2 protein chains.
Amino acid sequence: MIELSNIVKAYQMGDVKVPVLNGIDLRIESGEFVAIMGPSGSGKTTLLNIIGCLDTIDQGEYKLSGKFVDTQDDAQMARVRSTHIGFVFQLFNLIPRISAERNVELPMIYANIPHQQRRERVRQALTKVGLTDRARHVPTQLSGGQQQRVAIARALVNHPDLLVADEPTGSLDSSTGREIMQMFRQLNEEGMTIIMVTHESDIAAYARRTVQLLDGRIQYDH
Amino acid sequence: MIELSNIVKAYQMGDVKVPVLNGIDLRIESGEFVAIMGPSGSGKTTLLNIIGCLDTIDQGEYKLSGKFVDTQDDAQMARVRSTHIGFVFQLFNLIPRISAERNVELPMIYANIPHQQRRERVRQALTKVGLTDRARHVPTQLSGGQQQRVAIARALVNHPDLLVADEPTGSLDSSTGREIMQMFRQLNEEGMTIIMVTHESDIAAYARRTVQLLDGRIQYDH
Ligand SMILES: Nc1ncnc2c1ncn2[C@@H]1O[C@H](COP(=O)(O)OP(=O)(O)OP(=O)(O)O)[C@@H](O)[C@H]1O
Ligand SMILES: Nc1ncnc2c1ncn2[C@@H]1O[C@H](COP(=O)(O)OP(=O)(O)OP(=O)(O)O)[C@@H](O)[C@H]1O
Ligand SMILES: [Mg+2]
Ligand SMILES: [Mg+2]
């Protein structure tokens with residue numbers, strides 16, 4: 001499913017170059033559940049953004065389901081993203097001033113899902129994350145952990161084949177975190193590929209494989 | 001230092017009332033280090049915002065250093081906040097498009113600290129959180145954990161007597177988190193009062209006392 005070879009990525013800030021990924025080789029088969037760990041600033045979010053087709057690479061090759069990503073045009077990539085990939089951002093990226101249920105509904109509007117089916121799926125997704133009683137709250141009327149759970153519901157609502165999640169339980173207490181992880185494990189057993197960044201080892205334990213990043217390289221992988 | 005008695009707080013959403021704190025009694029002496037834990041949505045951030053004079057109560061009494069908070073006017077409260085209280089927000093609240101060093105400098109501009117002293121304190125604060133090499137980055141050019149560390153540096157730069165921190169290590173890997181907590185412990189030993197929300201028990205272990213919230217009441221306190 002995911003084939004990354006010799007991936008190099010640096011940010012450019014004016015005339016200063018900030019190297020982030022310095023030669024990443026990573027293969028992830030369809031149906032795997034992989035955790036990515038590493039120190040703050042080591043390139044985890046940058047790697048996830050590349051895997052989720054939200055950012056580009058400077059060197060190397062990225063093949064997603066057998067096709068080179070950098071040769072596809074923007075419209076093709078947008079279609080791949082909206083139908084195949086669900087993304088949970090580290091800082092949620094909810095749309096301010098619209099309710100939790102509208103935020104969750106949004107990806108289905110892009111995918112042309114009919115109205116009645118959208119309403120049903122929103123209800124199911126918010127139930128799965130324990131927030132049916134907060135459906136009408138806008139992001140500023142939700143706690144940090146509740147906003148994170150809305151972001152998780154939004155990522156799952158289109159039943160993606162690949163879930164890319166950046167510290168999905170970072171704002172949750174341990175028992176709410178365990179409930180979310182049990183749901184992820186269930187989705188993985190039903191065939192969803194999950195790639196998740198976490199800094200908590202008891203969360204990484206839900207995955208079957210852990211990849212450790214250090215200074216933009218893979219330190220170990222097992 | 002902090003005396004909360006029978007604190008009640010509810011949010012009003014149109015004609016719907018959302019009760020959050022349902023009668024909180026809490027005394028915190030000067031120099032204490034207290035952790036607050038509890039499920040997502042249980043009122044931890046709301047309680048911290050009240051303690052930090054960022055939000056108001058509906059019923060009950062709040063005395064900070066012997067003075068009733070609700071009888072002070074806005075200008076007096078703003079002066080108390082900017083000179084005595086440092087705040088680390090759960091979602092950082094950095095000012096976008098200005099650099100890390102400018103974000104850290106901001107509280108000192110409000111407190112009329114002279115230019116040369118400000119530059120020196122910014123350098124010290126960013127060194128303490130391990131980010132001297134990211135001083136010129138704006139928030140979107142920093143990782144999640146780096147943004148959190150800028151928020152911590154900003155909260156400490158005015159040497160407050162009271163530090164109010166909402167999940168200060170939520171976006172940090174465990175070893176960076178431990179470094180930040182060792183710094184907090186050092187500051188507490190030098191006399192700073194610290195009140196910190198966390199959902200990780202190994203972080204709460206740095207405090208000397210843990211208060212557990214459930215459905216807007218204190219479940220236990222030891
Ligand atoms: N402006 C608001 N309007 C209505 N309800 C609100 C508002 N802000 C917060 N709430 C509700 O108040 C409750 C307490 O929120 P609070 O942010 O204090 O929780 P918390 O304990 O910090 O949770 P977390 O661990 O998820 O950060 C939540 O159920 C939330 O939905
Ligand atoms: N737009 C940018 N311009 C310059 N540097 C950037 C930019 N975005 C990120 N960086 C730098 O790239 C490095 C990797 O960032 P990334 O967000 O991938 O880290 P991370 O492993 O996710 O860290 P964290 O655990 O703190 O979230 C960091 O050192 C950061 O300062
Ligand atoms: Mg990150
Ligand atoms: Mg909170």
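Everything quoted here is computed from the prediction, not taken from an experiment. So that the names make sense, note that chain A is the first sequence line, chain B the second, and so on, each numbered from 1.
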Most chain A-contacting option - heavy-atom pairs closer than 4.5 Å, from B:Ser174, B:Ser201, B:Gly144, B:Gly130: B:Gly144
Within 6.0 angstrom of A:Tyr110 OH, more than 12 heavy atoms from elsewhere: no
Within 6.0 angstrom of B:Lys128 NZ, more than 12 heavy atoms from elsewhere: no
Pairs of heavy atoms under 4.5 Å with chain B: top-ranked of A:Met37, A:Arg149, A:Arg136, A:Gln148: A:Arg149
Partner of B:Ser40 under side chain to side chain contact (heavy atoms under 4.5 Å, CB included), chosen from A:Ser175, A:Ser171, A:Ser143: A:Ser143
Heavy-atom donor-acceptor pair, A:His199 side chain to B:Gly177 backbone, under 3.5 Å: no
A:Asp133 atom CG, over 12 foreign heavy atoms within 6.0 Å: yes
Shortest non-hydrogen contact from B:Leu91 toward A:Gln147: CD1-OE1, 3.8 Å
Interface moiety of A:Val16 toward chain B, non-hydrogen atoms closer than 4.5 Å: neither
Pairs of heavy atoms under 4.5 Å with chain B: top-ranked of A:Thr176, A:Leu172, A:Thr45: A:Leu172
Over 12 foreign heavy atoms within 6.0 Å of CZ, B:Arg209: yes
Part of A:Gln146 within contact of chain B (heavy atom distance under 4.5 Å): both
Euclidean distance, B:Lys44 NZ relative to A:Asp173 CG, rounded to 0.5 Å: 6.0 Å
Minimum heavy-atom distance A:Arg134-B:Val18, with the two atoms named: NH2-CG1, 3.6 Å
